[in-house]
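The first residue of the sequence shown is numbered 1, and numbering continues consecutively from there.
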Amino acid sequence: RVVSQAIDNCDVLLDLHSCSAKAPAHALPMDNFESIELASKMPVGFVIKYLAHTTKGKATTLDWAKKKGKIGICVECGQHRDKETIRRAKQCIQTLIELESHQRVKHKAPKPIILTSRENEPVRKQFKFVRNIKAFERVPFGEIIATDILGPIKSKYSGGTYIVMPTRNPVLGEEAFFYAKESLAN
């Protein structure tokens with residue numbers, strides 16, 4: 001309730017997180033141009049379009065912001081215990097303040113790789129990665145990523161499949177990972 005009221009009253013939502021797994025900083029924008037543009041100006045390595053609104057309950061902070069007609073992004077700043085994560089979170093806040101107050105952005109980050117993700121691979125019986133898969137690893141087309149009761153699970157995109165949020169603890173019915181491919185445009 002407190003969070004929903006804060007979103008109701010905000011101009012722009014910046015939802016900062018850290019993750020338990022080792023992963024590069026990445027942003028999840030809402031499904032609109034303004035949000036994708038904002039995410040692409042953050043100090044992150046990747047922006048993943050469409051992933052933010054894939055939860056079944058549609059109950060994330062970004063889902064609420066979208067419902068209220070706001071602009072918002074979620075940024076995973078890095079791993080919980082990494083000091084770089086705190087520095088990156090501060091950079092995100094500073095970047096948002098500078099952008100929203102029409103100031104020159106002091107910290108110019110390299111342009112992130114823009115990905116599109118609209119689907120995930122669910123964990124089924126006997127699910128197992130064939131090797132250690134790193135977050136945001138690009139797996140060549142046709143290469144086997146994992147296996148399960150249905151057989152091999154292969155990279156499906158001709159330009160290679162980026163593996164987003166690979167699970168370390170597979171739970172039946174939950175996401176094993178999200179498929180992503182390089183986006184041609186915002």
Nearest heavy-atom pair of [X] and [Y]: which atoms, and what distance?
X	Y	result
H26	P24	ND1-O, 2.8 Å
G72	L62	C-CD2, 3.5 Å
L172	K125	CD2-N, 3.3 Å
A89	L16	O-CD1, 3.9 Å
P29	A39	CB-CB, 3.9 Å
A135	P166	CA-CD, 3.9 Å

Could you walk me through whether I73 and M42 pass the side-chain contact (heavy atoms from CB on, under 4.5 Å) check? CA-CA 10 Å; I73 61 172; M42 291 290 134; 3.6 Å; yes

Between V47 and I113, does the side-chain contact (heavy atoms from CB on, under 4.5 Å) criterion hold? Intermediate values first, please. CA-CA 6 Å; V47 172; I113 296 171; over 6 Å; no

Of all residues at least two apart in sequence or in a different chain, which pass the side-chain contact (heavy atoms from CB on, under 4.5 Å) check with [X]?
X	result
D82	Q79, E84, T85
S117	I48, L51, F178, A180
P170	V123, F127, T167
R131	I133, E137, V139, E143

Rounded distance [0.5 Å steps], [atom1] in [X] versus [atom2] in [Y]:
X	Y	atom1	atom2	answer
H80	I86	NE2	CD1	12.0 Å
C92	E76	SG	CD	11.0 Å
D8	L13	CG	CG	11.0 Å
T60	K66	OG1	NZ	9.5 Å
Q91	T95	CD	OG1	6.5 Å
S158	K181	OG	NZ	8.0 Å

[X]: what forms a side-chain hydrogen bond (donor to acceptor under 3.5 Å, both in side chains) with it, not counting sequence neighbours?
X	value
Q103	S101
E175	none
S20	none

Answer yes if the side chains of T147 and K128 hold a donor-acceptor pair under 3.5 Å, and no otherwise. no

Side-chain heavy atoms nearer than 4.5 Å, only ILVMFWY residues, links allowed to pass through others: does that put [X] and [Y] together?
X	Y	answer
L28	L115	yes
I71	I114	yes
I97	V75	yes

Residues Y50, T116; criterion side-chain contact (heavy atoms from CB on, under 4.5 Å); working and verdict: CA-CA 6 Å; Y50 309 113; T116 298; 3.5 Å; yes

Connecting only ILVMFWY residues whose side-chain heavy atoms lie within less than 4.5 Å of each other, what is the rest of I149's hydrophobic cluster?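 Other cluster members: L150.
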
Kindly give the cluster partners of I144, where membership spreads through any ILVMFWY side chain lying under 4.5 Å from a current member. V130

Does the [X] side chain pair with the main chain of [Y], one donor and one acceptor, at a distance under 3.5 Å?
X	Y	result
R88	P43	yes
S35	M30	yes
R138	T161	no

Residue pairs, two or more places apart or on separate chains, that pass salt bridge (Lys or Arg N to Asp or Glu O under 4.0 Å) and touch residues 90-100: none

Test: salt bridge (Lys or Arg N to Asp or Glu O under 4.0 Å). Region: residues 153-170. Which pairs qualify, not counting sequence neighbours? E119-K156

Would a line drawn from the ring center of Y162 to the ring center of F136 be shorter than 6.0 Å? no

For M165 and F177: C-alpha separation, side-chain torsions, deciding distance, then whether side-chain contact (heavy atoms from CB on, under 4.5 Å) applies. CA-CA 5 Å; M165 298 181 211; F177 61 90; over 6 Å; no

Taking only residues two or more places apart in sequence or in another chain, which ones pass ring-ring contact (aromatic ring centres under 6.0 Å, His included) with Y157? none

4.5 Å side-chain heavy-atom contact, S18 and C77: no

